[in-house]
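Just so you know, ligand 1 is whichever comes first in the structure, and atom 1 is the first atom listed for that ligand.
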Amino acid sequence: MSALLEVDDLRISYGKVEAVRGVSLRVHDGEIISIIGPNGAGKTSLLAGLMGLVPATGSIRYQGRDLAGSEIEDRVENGLCLVPERRELFGDLTVAENLRLGSYVRRTDISGTRQRLDGVYARFPRLAERRTQRASTLSGGERQMLALGRALMAKPRLLMLDEPSLGLAPLIVRDIFHIIKALKETGVAILLVEQNARAALQTADSAHVIETGGVTLSGKAADLLHDPRVVATYLGGAA
Ligand code: ATP
């Protein structure tokens with residue numbers, strides 16, 4: 001079966017800084033692939049390149065189609081969706097308004113907004129309770145839920161999550177990763193960039209370690225959890 005996303009030799013530079021140096025990876029339908037690695041390794045840049053937010057060279061094939069020259073809007077239209085690290089909610093708008101905006105990023109598929117909204121509220125009861133509350137008044141965990149819910153309103157086929165656990169308390173991190181696993185059950189493919197290597201590896205099917213812009217280690221997530229190099233560098237030395 002050909003992969004949903006096929007990335008080959010992806011390179012991204014900012015002037016003289018080469019942030020991504022020849023990354024290749026595959027994501028299949030309904031699969032969670034994690035990218036772990038230290039600060040500044042190029043993880044965010046990789047997602048930005050896949051989304052079309054920064055120029056990249058190399059090959060990105062999505063649904064069998066070459067994305068070279070494809071606009072961000074086209075990528076969104078075809079079910080590529082990024083939840084950025086900063087979550088980028090509209091603080092003055094309510095939970096419900098933020099969610100509805102998720103639907104409107106897709107030009108051709110606004111019908112079904114109501115139904116998708118109900119789906120998001122069923123998945124995130126906390127958002128349903130707070131639907132009239134301004135996003136700026138939500139807790140960190142609720143904001144992350146809102147960012148995920150808003151992404152789901154765009155009916156993603158491949159969801160890219162940048163550090164969904166950032167700044168959240170451990171119990172909330174656990175909730176967020178449960179939600180990510182549950183999303184996989186709906187058939188969405190997920191490319192998950194995470195600094196919390198343990199949670200990422202416990203959630204993913206496969207994973208790649210990225211260091212200074214290149215993949216240094218790849219494998220089944222369950223195996224990487226016991227790989228001595230991963231244990232020593234990313235899991236605090238305790239298997
Ligand atoms: P973090 O986890 O800290 O976000 P990261 O693995 O996501 O790190 P990137 O944010 O992709 O890494 O950064 C990779 C490299 O590219 C870093 O050296 C960073 O300073 C540089 N970089 C990122 N964005 C830009 C930019 N807009 N202009 C110049 N350099 C950039």
Roughly how far apart are [X] [atom1] and [Y] [atom2], rounded to 0.5 Å?
X      : Y      : atom1 : atom2 : value
His178 : Leu183 : NE2   : CG    : 12.5 Å
Thr203 : Ile179 : OG1   : CD1   : 11.5 Å
Glu88  : Arg150 : CD    : CZ    : 7.5 Å

Among all protein non-hydrogen atoms, which one is nearest to [atom], and what is the separation to 0.1 Å?
atom                    : result
atom 17 (C) of ligand 1 : Gly40 O, 3.8 Å
atom 9 (P) of ligand 1  : Ser45 OG, 3.7 Å
atom 12 (O) of ligand 1 : Gly42 N, 3.0 Å
atom 23 (C) of ligand 1 : Tyr14 CE1, 3.4 Å
atom 3 (O) of ligand 1  : Asn39 OD1, 2.9 Å

query = Using a heavy-atom cut-off of under 4.0 Å, does the side chain or the backbone of Pro38 touch ligand 1, or both, or neither?
reply =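 For Pro38, only backbone atoms sit under 4.0 Å from ligand 1.
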request  = Count the heavy atoms of every other residue, nucleotide or ligand shown that sit under 6.0 Å from CZ of Arg21, and state whether that count exceeds 12.
outcome  = yes
request  = May I ask you to check if Arg198 and Tyr234 form a cation-pi contact, with NZ or CZ under 6.0 angstrom from the six-membered ring centre and within 45° of the axis?
outcome  =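 Pair Arg198/Tyr234 does not count as cation-pi.
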Looking at [X], which atoms of ligand 1 are within less than 4.0 Å of one of its heavy atoms?
X      : answer
Glu85  : 4 (O)
Gln195 : 2 (O)
Glu163 : 2 (O)

key: Pair Asp118 + Arg116, salt bridge at N-O below 4.0 Å   = no
query = Under 4.0 Å between a Lys/Arg side-chain N and an Asp/Glu carboxylate O for Arg26 and Asp8?
reply =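 Looking at Asp8 together with Arg26, the answer is yes, because their closest N to O distance falls below 4.0 Å.
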Flag: protein heavy atom within less than 4.0 Å of atom 30 (N) of ligand 1 =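 It does; a protein heavy atom is within 4.0 Å.
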query = Do protein heavy atoms approach atom 19 (C) of ligand 1 to less than 4.0 Å?
reply =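 Answer no: nothing from the protein, no heavy atom, is under 4.0 Å.
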request  = May I have the step-by-step check of side chain to side chain donor-acceptor pair (under 3.5 Å) for Thr44 and Asp162, ending in yes or no?
outcome  = CA-CA 7 Å; Thr44 296; Asp162 195 356; 2.8 Å; yes
query = Among Thr44, Leu46, Val193, which residue places a heavy atom closest to atom 4 (O) of ligand 1?
reply = Thr44
query = If you measure from atom 16 (O) of ligand 1 to every heavy atom of Gly15, Ala48, Ala19, which option wins on shortest distance?
reply = Ala19
inquiry  = Can you give me the closest heavy-atom contact between Leu67 and Arg75, atom names plus distance?
reply    = O-NH2, 3.2 Å
